[in-house]
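Encoded as structure tokens, the structure appears first; notes follow it.
The chains referred to below are lettered A, B, ... by the order of the sequence lines, with proteins before strands, and numbering in each begins at 1. In this text the structure is predicted, and so the values were computed from the model without any measurement.
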Protein chains: 2
Amino acid sequence: MLGASQVIGANSHGAHIAASAASSSADTADRFERGTIRRIEAKEHVFCDGDPRTHVFRIEEGVIALSKLLGDGRRQIIEFAYPGDYIGLGTLREHIFDAQATCPAKVRCLSAAALEQEASRDAGLALRLYKAVSAELAAARSLLVSVGQQSAMERLAGFLLSLSARASDAEENVVKLPMRRSDIADLLGLTIETVSRTITKLRTMHVIDVVRGTEVHILDSDRLAELAGQ
Amino acid sequence: MLGASQVIGANSHGAHIAASAASSSADTADRFERGTIRRIEAKEHVFCDGDPRTHVFRIEEGVIALSKLLGDGRRQIIEFAYPGDYIGLGTLREHIFDAQATCPAKVRCLSAAALEQEASRDAGLALRLYKAVSAELAAARSLLVSVGQQSAMERLAGFLLSLSARASDAEENVVKLPMRRSDIADLLGLTIETVSRTITKLRTMHVIDVVRGTEVHILDSDRLAELAGQ
DNA sequence: CGTTCATTTGAGTGAAGTCAAACCGAGTGG
DNA sequence: CCACTCGGTTTGACTTCACTCAAATGAACG
């Protein structure tokens, strides 16, 4: 994918804690992969800003939006967490963001206390936590660059590219948008109307085609990469 | 400090790796606190985007700006690193940002390879790395909320408050600005002119006073907190 | 088939950007 | 000691991109 350094609101390859490839402590990782599954309806919260941080969650299905709500209703989405990603990592006693499903989802619940206690003994696990958070940090910084410096068109094009790079489920060049326009707007620091107008412009330019509003077909990925800027 | 959740371009309490309070492995931490000191001139780079990540640095004096440069010259500053902060953490083989001094500075150079090798054996050290990066992540997300949702006035007021909260050096209510207007602009996703105009407006409102352009006296911190929004 | 929620489209406004010039303080050298 | 330069900052005039308000359209579902 051209412009691979651009990852918007998503971790390059997900924030995986589970040991990759051969690891001496794959068993300890497994222990934390076996939590109870919780079903989340669209718009339901997994946790809220201020809640005690009792669990870490791994997304199994659907998409969870991490967001910060300002007093007057403005909202910034920090990241869309996809299957395989972890949310709720960190060291604070309480959550400092909302986590809300953008569509029906399933998450696996893992005890935060147990995880951290085990990590204080198992250097391998602690290192995997470190790497997972480092990946999230890179993603957050990438989004910051986009929101701070790029035009609406650049942000949207970059967003579509980052989704197409990550969501390797269906066919190449087809990107599902399992979230509302307002979610995309709040991720990119734009308004719903600007997101809609920009998508329309991409359609009239024949760079993308949109089916039922939720499925984007990338017709000209080179042009899309150009529009995304660097 | 009112609105304490707002931390702009700075880690709440710095990204400290060194063991806090009583720790069983204070000695291993110490081992990494003894690197050679390097003097950095204003505008000089500590490292560049793309350089191999051979060292981690701890700021001893001055301020280092972490930034991403876009192809056409646009720049987003990710964070200002102050004394006590670490830069260059992460798991990638190469740096993905520039690190540049905004004023004369000193950094301590620590071997990245040695640090990570030790961390793979010492869970305590690995956990401290985890916590340091988690703090950076929280700071990056906080800046993202600011840049994505707030007005120029809100961003600037928040920035001044976050600096006054962190730089506990001199008197209360006096904030040093050891960086150019262009650095502040690139942190907040604004232009030099907008930063300048907003500072002027704060002066005419008698919320702050500015001495020699680099020293901000906060005259009405309650009003400043109001202007910073939530 | 009407209600509801989400998206699109249109018209007008405004906050921040651009371009340009003036200002200011710190060095430097005549 | 003053004139000149130079980088940085401030201020002014004008423009523009994205926002706001408002209405129309479309999709989903009981």
Side-chain angles (χ1 to χ4, degrees), chain A residues 41-44 65 70 72-76 100-104 146-157 159 176-205 208-216 227 229, chain B residues 41-44 65 70 72-76 100-104 146-157 159 176-205 208-216 227 229:
Chain A
E41 291 169 37
K43 296 190 169 186
E44 189 186 342
L70 273 58
D72 56 1
R74 284 177 289 179
R75 184 177 71 142
Q76 178 66 44
Q100 197 176 13
T102 67
C103 60
S146 209
V147 170
Q149 300 300 326
Q150 299 195 299
S151 68
M153 177 59 83
E154 289 173 317
R155 291 184 225 182
L156 214 1
F159 172 69
K176 274 268 177 195
L177 296 182
M179 69 281 291
R180 327 240 154 273
R181 295 288 181 271
S182 61
D183 296 322
I184 300 174
D186 289 347
L187 178 81
L188 300 178
L190 300 169
T191 59
I192 303 175
E193 295 94 326
T194 299
V195 169
S196 178
R197 275 186 249 272
T198 307
I199 289 178
T200 298
K201 190 177 275 180
L202 283 170
R203 273 198 299 124
T204 63
M205 293 166 80
I208 64 172
D209 191 21
V210 181
V211 178
R212 217 185 323 279
T214 66
E215 208 179 279
V216 174
L227 290 168
Chain B
E41 292 169 38
K43 296 189 169 189
E44 188 186 343
L70 273 59
D72 57 0
R74 283 176 288 178
R75 184 178 70 142
Q76 177 67 44
Q100 197 176 13
T102 66
C103 61
S146 210
V147 170
Q149 301 299 327
Q150 298 195 298
S151 68
M153 177 59 83
E154 289 172 317
R155 292 183 223 180
L156 213 5
F159 171 69
K176 273 268 177 194
L177 296 182
M179 69 282 289
R180 328 241 153 273
R181 294 289 180 272
S182 61
D183 296 322
I184 300 174
D186 289 347
L187 178 82
L188 300 177
L190 300 170
T191 59
I192 303 177
E193 294 93 327
T194 299
V195 169
S196 179
R197 276 186 249 272
T198 307
I199 289 178
T200 299
K201 190 178 277 182
L202 283 171
R203 273 199 298 125
T204 62
M205 292 165 81
I208 64 172
D209 192 21
V210 181
V211 178
R212 217 184 323 278
T214 67
E215 208 179 280
V216 173
L227 290 167

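- The interatomic distance linking I199(B) (CD1) with dT9(D) (P) rounds to 9 Å, in whole Å.
- Nucleotide dA18(D) holds its P atom 19 Å from the CZ atom of R74(A), rounded to whole Å.
- In this entry the distance linking CG of L156(A) with P of dC17(D) reads 16 Å, nearest Å.
- Side-chain atoms of E154(A) never come within 3.5 Å of backbone atoms of L227(A) as a donor-acceptor pair (strictly under, hydrogens ignored).
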(message) Treating primed atoms plus P, OP1 and OP2 as sugar-phosphate and everything else as base, which nucleotides of nucleotides 9-17 of chain C get B, S or - for protein heavy atoms under 4.0 Å?
(response) BBB----SS
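- Applying the 6.0 Å contact sphere to CD of E44(A) captures more than 12 heavy atoms from other residues, nucleotides or ligands.
- D183(B) has its CG atom 13 Å from the C1' atom of dG7(D), to the nearest Å.
- As judged by a 4.0 angstrom heavy-atom cut-off over every strand, K201(A) is placed among residues making no nucleic acid contact.
- In this structure, R212(A) atom CZ and dA28(D) atom P are separated by 6 Å, rounded to whole Å.
- For R181(B) (side chain) and I192(B) (main-chain N/O), no donor-acceptor pair under 3.5 Å exists by modelled atom type.
- In this structure, R181(A) places its CZ atom 18 Å from C1' of dA18(D), rounding to the nearest Å.
- Protein atom CD of Q149(B) is 13 Å distant from nucleotide atom C1' of dA18(D), rounded to whole Å.
- To the nearest angstrom, P of dA6(C) lies 20 Å from CD of E215(A).
- Although no hydrogens or angles enter the test, the distance criterion places no donor-acceptor pair under 3.5 Å between the side chain of S146(A) and the main chain of R155(A).
- Taking a cutoff of 4.0 Å between a charged side-chain nitrogen and a carboxylate oxygen, R75(A) and D183(A) qualify as a salt bridge.
- With a 6.0 Å radius and a threshold of 12 heavy atoms from other residues, nucleotides or ligands, E215(A) has its CD atom above the threshold.
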